[in-house]
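Here the structure comes first, spelled out in structure tokens, and everything after it is commentary.
Residue numbering restarts at 1 for every chain, and letters A, B, ... go by the order of the sequence lines. Note that these values count all heavy atoms, side chains included, but never hydrogens, waters or copies made by symmetry.
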Protein chains: 2
Amino acid sequence: MLSDLRQEFILHFGEMGSRWGINRTVGQIYAALFLSEEPLCADDLVGLLGVSRSNVSMSLKELQSWSLVHLKHRPGDRRDFFTTPDDMWQIVRTLVEERKKREIDPTLTKLRQLEMRPGSAEDAYAQARITEMRELIELLTGWYDQMNKLETERLVALLNMGAKLQKLARSARILPKRTNKTES
Amino acid sequence: MLSDLRQEFILHFGEMGSRWGINRTVGQIYAALFLSEEPLCADDLVGLLGVSRSNVSMSLKELQSWSLVHLKHRPGDRRDFFTTPDDMWQIVRTLVEERKKREIDPTLTKLRQLEMRPGSAEDAYAQARITEMRELIELLTGWYDQMNKLETERLVALLNMGAKLQKLARSARILPKRTNKTES
DNA sequence: TAGATGTTTCAGAAAAAGCTGTAATGACAG
DNA sequence: CTGTCATTACAGCTTTTTCTGAAACATCTA
């Protein structure tokens, strides 16, 4: 039912998933959908992956909550069929967006909250360190937001301009640092 | 021994770690070192976090294998003391580098291998999909490699130029796509 | 070399995560 | 309303991961 090629991809993907905090089965289901030209229904996945019906059901729900799969219906068929978006870039954008929402944003909130807390002397260093971390995350996410606004084609063009960007950076005026008085 | 502020940060960090495939204790130890102005030794961490000596020892070893902590010695003291790099950017670079080495590179190898495999007709779609994925990953890692060459100050300047980059992208000539004849 | 101090290893215990089958729920056609 | 087909929820079992304590292993000092 599943060629060696697809089998291998699916196993690798499940393995990778678990290294990034994604349940192995969820990863495998995603991989199977990713490789399938046709939408698949839950029972297809049970057959393909050999996991229980309920596991498939819950994993699909998880994937839906991440907006990583789309629901499709066939006329005259009550079952739910699933696909992944055709566009790889859309997949990446969604993935980043969701992780940002679930992990980065709450972390920023927490960091800000810790920063404002009236600091006892013993926490001075820790708070400075937290500030550094927050500023770095803000810089990165801010930049990501900018890039995310671009249409894919423009973004690809930009990413392909690595060398040109380096040149730009080399000529860029470096602004005086703000509060960084860290001694080396 | 540990102020509320630091306690909270450490717990949050451990929690986040586990969502990204990093052992909770490893995350907590890292966080504790990150917030500490002074290098800490294994027993300090046992006291601070309330985990077993051996757990600390193994977690530190793990962190060392990721090059995320540095060893320090004090004159006349045999114990190993640990710190995190002062420079947040160095931390990010190391983290990305290690994950690239451990997860991205092996994935690229696997994808290339699957792509070359003489394809039966039924795998044509899957192989095309795999190619798309490989190309995307290569584009991103290639771009990352370029950026990684920049000194931190230049890189920060570049990241701060989000708006300018958008403009550049908007005016960029979009190259004709190579082999992508995907029908929408 | 013995003693003191500090580190690492590892087998098994504990905890967490993941999975399954069953039973409940829902949705629709007739 | 009833029977059929499909989805969902959940209690308990299985597997995996994480953690611990004890013992083995180093390294230094005298």
Considering only heavy atoms of chain B and a distance under 4.0 Å, specify the first and last nucleotide of DNA chain D in 5' to 3' order that meet this criterion. D:dT18 to D:dC28
Shortest non-hydrogen pair, B:Met1 vs B:Arg6, comes out as O-NH2, 4.1 Å
Could you tell me which non-hydrogen atom of B:Gly27 sits nearest to which non-hydrogen atom of B:Ile22, and how far apart they are? N-CG2, 4.2 Å
May I ask you to test the B:Phe13-A:Thr107 pair for a side-chain heavy-atom distance under 4.5 Å? no
When you check the gap from the basic side-chain N to the acidic O, do A:Glu103 and A:Arg99 get nearer than 4.0 Å? yes
For a 4.5 angstrom cut-off between non-hydrogen side-chain atoms, does B:Leu95 reach B:Trp20? no
Carboxylate-amine/guanidinium proximity below 4.0 Å for A:Glu15 and B:Lys110: no
B:Val69 to B:Gln64 - nearest heavy-atom pair and separation: CG2-CG, 3.7 Å
Is it true that a side-chain atom of B:Gln28 and a backbone atom of B:Leu11 form a donor plus acceptor pair closer than 3.5 Å? no
Tell me, do A:Met88 and A:Phe34 make a side-chain contact under 4.5 Å, heavy atoms counted? yes
So if I take residues 15-24 of chain B and measure heavy-atom distances to DNA chain D, which residues fall below 4.0 Å? B:Asn23
Is there a continuous path of hydrophobic side-chain contacts, each under 4.5 Å between heavy atoms, that joins B:Phe82 to A:Tyr125? no
Please list residues of residues 60-82 of chain B whose heavy atoms come under 4.0 Å from any atom in DNA chain D, ordered by number; otherwise none. B:Arg78
In short, A:Cys41 meets A:Arg79 closest at the heavy-atom pair SG-NH1, 3.8 Å
Name all pairs fulfilling the side-chain hydrogen bond (donor to acceptor under 3.5 Å, both in side chains) condition that reach into residues 31-53 of chain B, sequence neighbours left out, sorted by first residue then second. B:Ser52-B:Ser54
Where is the tightest heavy-atom contact between B:Asp123 and A:Ser3, given as atom of each residue plus distance? OD1-OG, 2.7 Å
Does the side chain of B:Ile29 come within less than 4.5 Å of B:Leu48's, by heavy atoms? no
Terminal axes of the helix from C:dT1-D:dA30 to C:dG30-D:dC1 (5 end pairs apiece), angle rounded to 10 degrees, sit apart by 20°
Would a distance-only check, ignoring hydrogens and angles, find a side-chain to backbone donor-acceptor pair under 3.5 Å from B:Glu115 to B:Gln127? no
Below 4.0 angstrom, which residues in residues 42-57 of chain A have at least one non-hydrogen atom near DNA chain D? A:Arg53, A:Ser54, A:Ser57
